[in-house]
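One structure is given here, and the rest of the page talks about it.
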Amino acid sequence: MKILLPFQEDSSLIFAGKVFPKLKMRGFEPELLHIVDRNGKDAVSDRQLSQNIGSAAVQQIDMESFPDFDRLSDYRGVIVSRVIAPMRTMLSTPWYKSRTDRPCFLAFQPGLEFTPSRGFTNRAAFDAIFLNKQRHVHLFEEQHPTKDWRYVTWGHPYFSLPSQWYDKDESRRNIYFFAQAISPKSVRSRQHIVHVLASIARANPDRTVFVKLRHLPSENVNHVHREEFDYPALMEQLAEPLPPNLKTTDCSMSEALEDAAAAITCTSTAAMDSISAGVPTAVYLDYVDFISDPLRDPMRSEFETSGVVTRLHDLLNLRLSLPNDGWLSVRFRDDSLYDEISAVIAAFKDRRELARPA
Amino acid sequence: MKLLKKLDKQAGLTLRWGADLITGNYFKRIEVKLGSVEQQLSQINKALMYREDSEIKSLVLAMFDEQQERILREFNAKMEKPN
């Protein structure tokens, strides 16, 4: 079963890179399509491409030309995490929607979503919508009723239940801080993060603390989430000498999580990735000048009952808790997610009704 | 909590932001930083007299930031001490 995985910028590239091997493992034939914005707004570097998809073949098309992509009918499914306007327009057009030779369009959310309403609207015309939270399924259906065939469910490739926890694995020594471009926002907040990481590194000379960069300072320069204060520069500007075991890395998320003893992040979806990988995770939200960061309060609400929101004192002493089961169970799923993708695509072919798994 | 209810009554909506922060888990730390409840009340009342919402907000935030920097300094000092 051929599946198309379109991507545009680093976020959707990471998603495609994550889903591609999972689909392949389950007997699908996934193919990658790089949708290029002519304005160069969403450019991804060769490094980002090879890091996320290795040497897999990639087709390319201009954003505006997507509706003319004449091979679309070769695919049984198109899976996206980011919705582009031409795709939305196509699916809102009755003559296209009713075509029987077209693929099933499945949309996920891009990652943690603090203001899901707009994303709901952007995905309303899709054939299958996978929402982050179980409780959003009915909300979505109420807000966006349709007479067309549609399947709404929940689950995300980043939010999969861990097979085991690595909290007692002494062979893992590395600590990763997953950096983001725009959160924490102010230079004061970001300097505070550097100070905290330097303190952890000094207190743990037998460990290495890595600032895991989402992208290099030279990348994503025209990105909508452009980084104003990058960590490599802030680390260079540190008044005191930088501990030798505080380093930056541009490794991939999966590489980092393979040897991570602990993961720290502020408001990033990386928290979900690291929990999925069974890595003890700290969501740290008590940075100075937090008031300047609009993502901090929504993250706090999202993780309030998770058990992984970590106070400064506990973070410095690496006292990290595993997430609460109740919080996990309504956000994280097992690999049956991929069986459901398969079932949706099969049911779509003859617009057969499909019951959601219990 | 009684103090907060009292403050809320006095300040109405103007104190809601500060109260929200204080009623959260930061309350104890802020209380420690400020000293007695009376001192806290006096400081907030002083700010309220001028109906300076931003003053309360800045006060609470500055205290919070200062507290975080103090925790960091104390941790580093403790780590530097020879065993």
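Lettering of chains follows the sequences in order, A, B, ..., and the numbering in each one begins at 1. Small disclaimer: the values here were computed from a predicted structure and weren't measured.
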Take atom NZ of Lys133(A) as the centre, draw a 6.0 Å sphere, and report whether it contains more than 12 heavy atoms from other residues, nucleotides or ligands.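 Check passes, neighbour count above 12.
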Can you list the residues that meet the salt bridge (charged side-chain N to carboxylate O under 4.0 Å, His left out) rule with Glu170(A), with sequence neighbours excluded?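 Partners of Glu170(A) by the salt bridge (charged side-chain N to carboxylate O under 4.0 Å, His left out) criterion, ordered by chain and then number, come out as Arg173(A).
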Contacts of type salt bridge (charged side-chain N to carboxylate O under 4.0 Å, His left out), residue Arg172(A), not counting sequence neighbours: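 Expected list: Asp169(A).
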Test your reading of the model: is there a side-chain donor-acceptor pair from Gln68(B) to the backbone of Asp286(A), 3.5 Å cut-off?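 Confirmed, Gln68(B) side chain pairs with Asp286(A) backbone.
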From Leu312(A) CG over to Glu69(B) CD, what is the distance, rounded to the nearest 0.5 angstrom?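 Atom-to-atom, Leu312(A):CG and Glu69(B):CD are 10.5 Å apart.
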Separation between CZ of Arg311(A) and CD1 of Ile71(B), rounded to the nearest 0.5 Å: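 Here the rounded value is 9.5 Å.
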Sequence-distant partners of Ser292(A), side chain to side chain contact (heavy atoms under 4.5 Å, CB included), two or more places apart: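 Result, side chain to side chain contact (heavy atoms under 4.5 Å, CB included) vs Ser292(A): Lys185(A), Ser186(A), Ser189(A), Asp289(A).
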Check: Asp65(B) and Arg188(A) side chains under 4.5 Å, non-hydrogen atoms: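 Result yes, sub-4.5 Å side-chain heavy-atom pair found.
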Indicate the atoms forming the closest heavy-atom contact of Asn317(A) with Phe75(B), along with that distance.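 Minimum heavy-atom contact is OD1-CE1, 3.5 Å.
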Enumerate by number any residue of residues 191-201 of chain A whose heavy atoms lie under 4.5 Å from heavy atoms of chain B; in the absence of such residues, state 'none'.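 Near chain B, by residue number: His192(A), His195(A), Val196(A), Ser199(A).
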